[in-house]
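Report on the following structure.
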Amino acid sequence: MLEKLSKWKSSLSSQEIKDELDQANIPKHIAIIMDGNGRWAKNKGLPRIAGHREGMKVVNKVVHKANDLGVEVLTLYAFSTENWKRPKTEVEYLMKLPERFLNNELPKLMKENVKVRLMGSIEELPDHTKKAVMKAVKETENNTGLILNFALNYGSRFELMDAIRKIAKQVELGSLTSEELNESILEKNMMTAELRDPDLLIRTSGEIRLSNFMLWQVAYSEFWFTDVLWPDFNEKHLTEAIAVYQKRARRYGGV
């Protein structure tokens, strides 16, 4: 079955795959772990930052394609809490990418009614990065189309611990009792409180792990892994992932 599906996908163009999609079953929330920039650059004998630069161009393509397909939320894992361990020069370059992307793309995002949103520990970002992303959030806050949710300086374990601390404080202040605690209370204190859980999680580069990304939220998401490195990912790959998603039956623990 998988072999037949693979042959079917490779024989179709991006537009043909889109035409084959069930428009009533487009995943409302897609989350992507954008992986492989460094390996892409290494394979071409280029510095790692060259891979990140190419990867930024892919973000542009994927955002516009997701919007075109009718996706409601697109969450992109842009920088994790663990990424600070990378070489200083690479981190500094990565911190400039949101600014460059948003400065170039903000007019297009406004035109396409895209709403920019952030999740992560924003306070620890450099001032120039923080200023750029908060400007985009502010200028797009009244847009009603695709929500472009950047996970920036984000880690799921940090998010969960932060939510637990908030809840503990509420219990301490007497506004909440331990008997009232449930999943809904936890979710309301998480960084994704305003969003539905991802329907589809995509990870590029051949790695098959979550890397501390939305551990709570993807409990019932469909996963799609590809060997394609992020700088080589394109609109056709996105529509392929959705096509595979639509072939699956989501039972949420039922029959």
Side-chain angles (χ1 to χ4, degrees), residues 26-37 55 58-59 62-63 65-67 69 71-86 94 97-98 101 114-125 129 133 136-137 146-167 181-226 228 230 233 237-238 241-242 244-246 248 250-253:
I26 298 294
K28 291 181 172 58
H29 185 173
I30 298 178
I32 304 180
I33 301 176
M34 306 178 292
D35 194 18
N37 290 342
V58 176
V59 170
V62 170
V63 169
K65 188 62 177 180
N67 201 20
L69 290 171
V71 176
E72 295 180 5
V73 183
L74 179 65
T75 294
L76 301 178
Y77 203 8
F79 190 89
S80 76
T81 50
E82 288 77 28
N83 285 157
W84 295 106
K85 300 174 185 176
R86 295 185 177 188
L94 287 169
L97 288 181
F101 173 80
V114 173
K115 181 175 183 176
V116 177
R117 186 188 185 280
L118 296 174
M119 68 176 188
S121 185
I122 310 303
E123 296 75 16
E124 297 174 15
L125 298 175
T129 307
V133 295
V137 170
L146 170 74
I147 296 174
L148 175 55
N149 182 41
F150 284 108
L152 194 57
N153 194 26
Y154 171 84
S156 187
R157 289 183 176 183
F158 173 85
E159 177 188 27
L160 286 165
M161 288 303 303
D162 185 59
I164 291 170
R165 281 191 290 267
K166 290 177 182 176
I167 293 171
L181 292 179
N182 53 37
E183 290 186 7
S184 178
I185 295 292
L186 178 60
E187 289 169 353
K188 287 177 181 177
N189 285 276
M190 293 176 72
M191 296 174 184
T192 52
E194 303 166 6
L195 305 176
R196 59 179 292 132
D197 290 341
D199 301 293
L200 172 63
L201 171 75
I202 296 172
R203 179 163 188 159
T204 59
S205 87
E207 303 293 350
I208 305 176
R209 57 177 178 269
L210 293 178
S211 297
N212 197 20
F213 183 56
M214 301 185 82
L215 302 178
W216 176 275
Q217 297 89 338
V218 300
Y220 283 102
S221 302
E222 294 297 324
F223 293 0
W224 190 78
F225 300 101
T226 176
V228 175
W230 180 249
F233 193 86
H237 296 120
L238 180 63
I242 295 174
V244 173
Y245 165 87
Q246 293 186 345
R248 299 178 182 175
R250 305 185 71 195
R251 299 185 181 88
Y252 298 96

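All values reported here derive from a predicted model rather than from experimental measurement.
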For Leu215, is there any backbone N or O sitting under 3.5 Å from a side-chain donor or acceptor partner on Ser156?
yes

Please work out whether the ring planes of Trp230 and Phe233 are parallel, tilted or perpendicular, with thresholds of 30° and 60°.
parallel

Tell me if a side-chain donor or acceptor on Thr204 pairs with a main-chain N or O of Asp35 at a distance below 3.5 Å.
yes

Roughly how far, to the nearest 0.5 Å, is CE of Met119 from CE of Met214?
4.0 Å

Side-chain contact test, heavy atoms from C-beta onward, threshold under 4.5 Å: evaluate it for Pro98 versus Phe150 and give yes or no.
no

Can you tell me if NZ on Lys166 sees more than 12 non-hydrogen neighbours from other groups inside 6.0 Å?
yes

Closest heavy-atom contact between Leu152 and Ala78?
CD1-CB, 4.0 Å

Check: Thr192 and Trp216 side chains under 4.5 Å, non-hydrogen atoms
no

Interatomic spacing from CG in Leu76 to CG in Asn149 - rounded to 0.5 Å:
8.0 Å

If you look at every heavy atom in Arg209 and Phe225, which pair is closest and at what distance?
N-CE2, 4.2 Å

Knowing that exactly one of Glu82, Arg157, Glu159 qualifies, which makes a side-chain hydrogen bond (donor to acceptor under 3.5 Å, both in side chains) with Asn212?
Glu82

If you take all heavy atoms of Val71 and Lys28, which pair is closest and at what distance?
CG1-O, 3.7 Å

Shortest non-hydrogen contact between Ala163 and Leu186, atoms and distance
CB-CD1, 3.8 Å

Identify which one of Asn67, Val63, Leu69, Val62 satisfies the side-chain contact (heavy atoms from CB on, under 4.5 Å) criterion when paired with Lys65.
Leu69

Side chain Arg203, main chain Ile208, donor-acceptor under 3.5 Å
no

Between Glu72 and Arg196, is there a side-chain N and carboxylate O pair less than 4.0 Å apart?
no

Do the rings of Tyr77 and Phe213 sit parallel, tilted or perpendicular, given the 30° and 60° boundaries?
parallel

Determine, step by step, whether Leu195 and Arg117 satisfy the side chain to side chain contact (heavy atoms under 4.5 Å, CB included) criterion, reporting the C-alpha distance in whole Å, the side-chain angles of both residues, the deciding distance to 0.1 Å, and the verdict.
CA-CA 10 Å; Leu195 305 176; Arg117 186 188 185 280; 3.8 Å; yes

Looking at side-chain heavy atoms only, is the closest gap between Ile242 and Ile26 below 4.5 Å?
yes

Would you say the side chain of Phe79 lies within less than 4.5 Å of the side chain of Arg86, judging by non-hydrogen atoms?
no

Distance col, row Ile32:CD1 vs Leu201:CG, nearest 0.5 angstrom, shows 9.0 Å

From CE (Met190) to CD1 (Ile185), nearest 0.5 Å:
13.5 Å

Tell me which one of Asp199, Asp197, Thr75 satisfies side-chain hydrogen bond (donor to acceptor under 3.5 Å, both in side chains) with His29.
Thr75

Rounded at 0.5 Å granularity, tell me how far CH2 in Trp224 sits from CZ in Arg248.
9.5 Å

Are Ile30 and Leu238 packed together at the side-chain level, in the sense that at least one heavy-atom pair is separated by less than 4.5 angstrom?
yes

Measure the CE-CG distance between Met191 and Leu160 for me, rounded to the nearest 0.5 Å.
9.5 Å

Please give me the minimum heavy-atom distance between Pro198 and Ser221, naming the atom from each residue.
O-OG, 2.6 Å

Do the non-hydrogen side-chain atoms of Asn153 and Trp84 ever get within less than 4.5 Å of each other?
yes

